[in-house]
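Below is one structure, written out as structure tokens; comments come after it.
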Amino acid sequence: MDKNELVNELARRRGFLWPAFELYGGAAGFYDYGPLGAPLKRRIEDIWRQYFVISEGFAEIEAPTIGVEGIYQASGHLSGFSDPLTSCKECKEIYRADHLIKHIIEVPDALSNEEIYKCIQDNEIGCPECGGELSEVYEFNLMFKTMIGPGNKMAGYLRPETAQGMFINFPRLLRYFRDSLPFAAVQIGKSFRNEISPRQGVIRLREFTQAEAEIFIDPRDKSHPRFAEIADIKMKFYSQAAQEKGEEEEMTFGEAAQRGVVAHQALAYYVARTYQFLLAVGVAADKLRFRQHKSDEMAHYAADCWDAEVFLDRLGWIEIVGVADRTDYDLVAHAQASRVNLSVFVHYDQPVKRKKLVIKPDYKALGPRFKARAKAVGEALKALSPEELEASRGDKIYLTIEGERIEIDSSLVSFESVEEEIRGEEVVPHVIEPSFGIDRIIYTVLDHSFYQDDVEGEMRSVLRFNPAVAPIEVAVLPLMDRKELSDPARAIVQELRSSGMRVDYDASGSIGRRYRRNDEIGTPFDITVDYEIREHGTVTIRDRDSMKQIKVSRRQIADKLSALLAGRIKFEDAGEPVALGKKE
RNA sequence: GCGGCUGUGGUCCAGUGGUUAUGACAUAGGCUUCCCAAGCCUGUAACCCGGGUUCGAAUCCCGGCAGCCGCACCA
């Protein structure tokens, strides 16, 4: 078995990840999180909240997973998230229909399916594999469609990303944040994509969990007030230029932003926070890189985009996070589609004074003369530029209203020059979007935490979880399942649980077997209760990674463990070392 | 979607037409002053699903589902 298989097998056997619906034969692309997987996921999400909600002051919201059609028309998912396909009638191969006519038509995207099919027929394009006839062009959309309410009146779609929930709540979020930039909203939740061929376990799912932040910033100023906090952190950047050389470039974030390797400070800042978060949950630093999208793979509206990629055995480099500057694309698209203004009024530091010509049409005179068109004439007069007015001063003014040339005596218009104060301007914010694939991160944490070592000829499997993500933090093990030991052990379990720790009790099988069981699920510390608890009032704490043990007074257990779990003290300093020889 | 390979207790596997389906590990209960998966006793637990061939199917055939690999697709 290779590592990938070992990790998958362990995850299934011990209750991290289960293929869903197994009882009924299963369905590809769906997984259950079991009794250990669900808390692992929860703890990783909570650390994400620590980084992207609490520390940054972002707002977490929760939007419906089903969306109405309008959202996805505006976002482009209805048209852009589907592909025109055609299949060979002979050999059944499936092709992207638009790709087949690329050499004939420069922008096949603009054609309808019927037009593409016509083009295929007109040019007698056959199957590239066997030359067979191609079927009609049909659409495959990756969104799950459903019906809202009875009948087919209203179509609904399961969201393909959580991001749209933040965009379409922009006006309310803006008010919540008291009309000022920057601000951000986040969402952790399920998204759905009807993938053609889900593979590789939890790496490509049809129902998956995303954690996304939409950070709305002033497009004129992409610096970041907390940039200094991360400027000195070093990381390997796999930039466009570095990719051409095939070698990552190590530098600080400060340098990356200054040299323009990363487009600007704000983007660099969130790449850095992403980097810190991934390390905090247990992604291995030497199997993590940040790769910049090449210009041809970047969305046309994006200013810059960096993917966090991790190395997984057998799968290679896999994208787990994307951090992009999406500019004003999403807000502009929704503003156009919904006809709601999605901009922010940004105040200047100092109001700008500007002279302005105010034009006042004489409606008393215009009304009787132009009747119903008087209003249109007035509007046209107001729209004149100062230059046009100047040119006609004391003379006639010529306008074109509804295609008709109209002559107006300039005496029917008065104008005056006023000085106005401009206090600010309407700005459509740009969006920085860090988008996390939580399931992929969980699998990565399992993969990167897994290791095996040889203990006296026996293979020991261990998940070296960071205590902050471990589903079980402490296992309490009576050396033997006898009342004198199990009673105090159970009392310890209750005490630790009441102070909030995730504790398991295990009295089954030999002590060594129980250590192995807990090593395998990543329990950082084991408490062994032996007869010393009666003789000296002490128990031992065992460290998962070193297998070393220390002796600790029964009364100090809760304090010592919470300090150990939080990393406030080192294991060696937490108690007296125990030298244990194997009894023959 | 296409093609190839595969599907037996929780896990890994034996069984290629014939009683009650082999074994190991894991797991449960008990015994044991037992500290790193290997003691002793006793249990629980499986032929992916549906159809067909046959007196009889885990075994042969067809279909479905799932997994792995390749293609395509996706990012």
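Just so we're on the same page: letters track the sequence lines, and every chain starts at 1. Keep in mind it's a predicted model, so treat the numbers as computed, not measured.
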Using only side-chain N and O atoms of A/Arg193, determine if any of them is under 4.0 Å from OP1 or OP2 of B/C74.
no
A/Glu9 atom CD is separated from B/C68 atom P, nearest whole Å, by 14 Å
Integer angstrom distance from the C1' of B/G43 to that of B/A26: 14 Å
Q) Are any of A/Ser510's side-chain N or O atoms less than 4.0 Å away from OP1 or OP2 of B/A37? A) no
For the C1' atoms, the ones on B/A21 and on B/C47, what distance do you get once it is rounded to whole angstrom? 8 Å
Check your understanding: Are A/Glu309 and A/Arg289 close enough for a salt bridge, meaning some N to O gap below 4.0 Å?
Key -> yes
Is A/Asp453 paired with A/Arg460 through a side-chain N to carboxylate O contact shorter than 4.0 Å? yes
| How far, in whole Å, is B/C12 from B/U53 if one measures between their P atoms? | 35 Å
Taking a pair to mean Watson-Crick or G-U wobble geometry with both distances below 3.5 Å, B/C31 pairs with B/G39
Check your understanding: Are the charged groups of A/Asp504 and A/Arg514 less than 4.0 angstrom apart, N to O?
Key -> no
With a 3.5 Å cut-off and heavy atoms only, can you find an N or O donor on one side and an acceptor on the other between the side chain of A/Gln549 and the base of B/C35?
yes
A/Ile203 CD1 to B/C73 C1', in whole Å, measures 17 Å
Scan A/Arg542 against the nucleic acid and name what it touches under 4.0 Å (heavy atoms): base, sugar-phosphate only, or nothing.
-> base
Taken to the nearest whole Å, CH2/A/Trp18 to P/B/C48 is 21 Å
Verify whether one side chain among A/His536 and A/Thr538 offers a donor that lies under 3.5 Å from an acceptor in the other.
-> no
Open item on the list: I'd like the C1' distance from B/A38 over to B/C5, given in whole Å.
Closed with: 36 Å
**Q.** C1'-based separation of B/G17 from B/C61 [nearest Å]
**A.** 14 Å
Across every strand shown, the nucleotide meeting Watson-Crick or G-U wobble geometry with B/G3 (both distances under 3.5 Å) is B/C69
>> Could you tell me how far B/G70 sits from B/A24 if I compare only their C1' atoms? Round to whole Å.
In response: 35 Å
Quick note, A/Val455 side chain, CB onward, closest among B/A75, B/C36, B/C74 is B/C36
Across every strand shown, the nucleotide meeting Watson-Crick or G-U wobble geometry with B/A75 (both distances under 3.5 Å) is none
Whole-Å distance, A/Leu479 CG to B/U33 C1', equals 8 Å
*asked:* Do the side chains of A/Arg516 and A/Glu520 get close enough for a salt bridge, i.e. N-O under 4.0 angstrom?
replied: no
Note to self: Less than 4.0 angstrom between a side-chain N/O of A/Arg13 and OP1 or OP2 of B/A26, yes or no?
What the structure shows: no
Re B/G50: Watson-Crick or G-U wobble partner, both distances kept under 3.5 Å, found to be B/C62
Per nearest nucleotide of RNA chain B, the residue lying toward the 5' end, A/Met480 or A/Lys548, is A/Met480
Result for 5'-nearest mapping on RNA chain B, choosing between A/Arg206 and A/Asp307, is A/Arg206
Partner of B/A26 under the Watson-Crick or G-U wobble criteria, both distances under 3.5 Å, comes out as none
message: Between B/C71 and B/A14, how far apart are the two C1' atoms, rounded to whole Å?
response: 35 Å
### Query
For atom C1', what is the distance between B/C73 and B/A37, given to the nearest Å?
45 Å
* To do: Just do the side chain to side chain donor-acceptor pair (under 3.5 Å) check on A/Arg159 and A/Gln187 with the steps written out, would you?
  => CA-CA 13 Å; A/Arg159 64 182 179 195; A/Gln187 205 171 180; 3.1 Å; yes
Picking from B/A26, B/A66, B/C35, the nucleotide nearest the side-chain atoms of A/Arg513 would be B/A26
note: A/Ile533, atom CD1; B/U33, atom C1'; distance rounded to Å ~ 15 Å
From the candidates B/A37, B/A66, B/U33, the one with an atom nearest any side-chain atom of A/Arg516 is B/A37
To the nearest angstrom, the CH2-P distance between A/Trp306 and B/A75 comes to 21 Å
From OH of A/Tyr24 across to C1' of B/G50 the rounded distance in Å is 15 Å
Side-chain atoms of A/Ala27 come closest, of B/A66, B/G30, B/A28, to B/A66
Partner of B/U44 under the Watson-Crick or G-U wobble criteria, both distances under 3.5 Å, comes out as none
Next on the checklist: Taking only side-chain N and O atoms of A/Arg460, does any of them lie within less than 4.0 angstrom of OP1 or OP2 on B/C36?
Outcome noted: no
Examine the side chains of A/Tyr238 and A/Asp307 and answer whether a donor and an acceptor come within less than 3.5 Å of each other.
no
Scanning all shown strands, the Watson-Crick or wobble mate of B/U19 with both distances under 3.5 Å is none
Can a side-chain donor-acceptor contact be found between A/Tyr301 and A/Asp330 if the only test is distance below 3.5 angstrom? no
Under 5.5 Å between ring centres and under 30° between planes: true for A/Tyr515 and the base of B/C35?
no
Rounded to whole Å, CD of A/Glu195 lies from P of B/G1 at a distance of 15 Å
Considering only heavy side-chain atoms of A/Arg517, the closest of B/C74, B/U27, B/U33 is B/U27
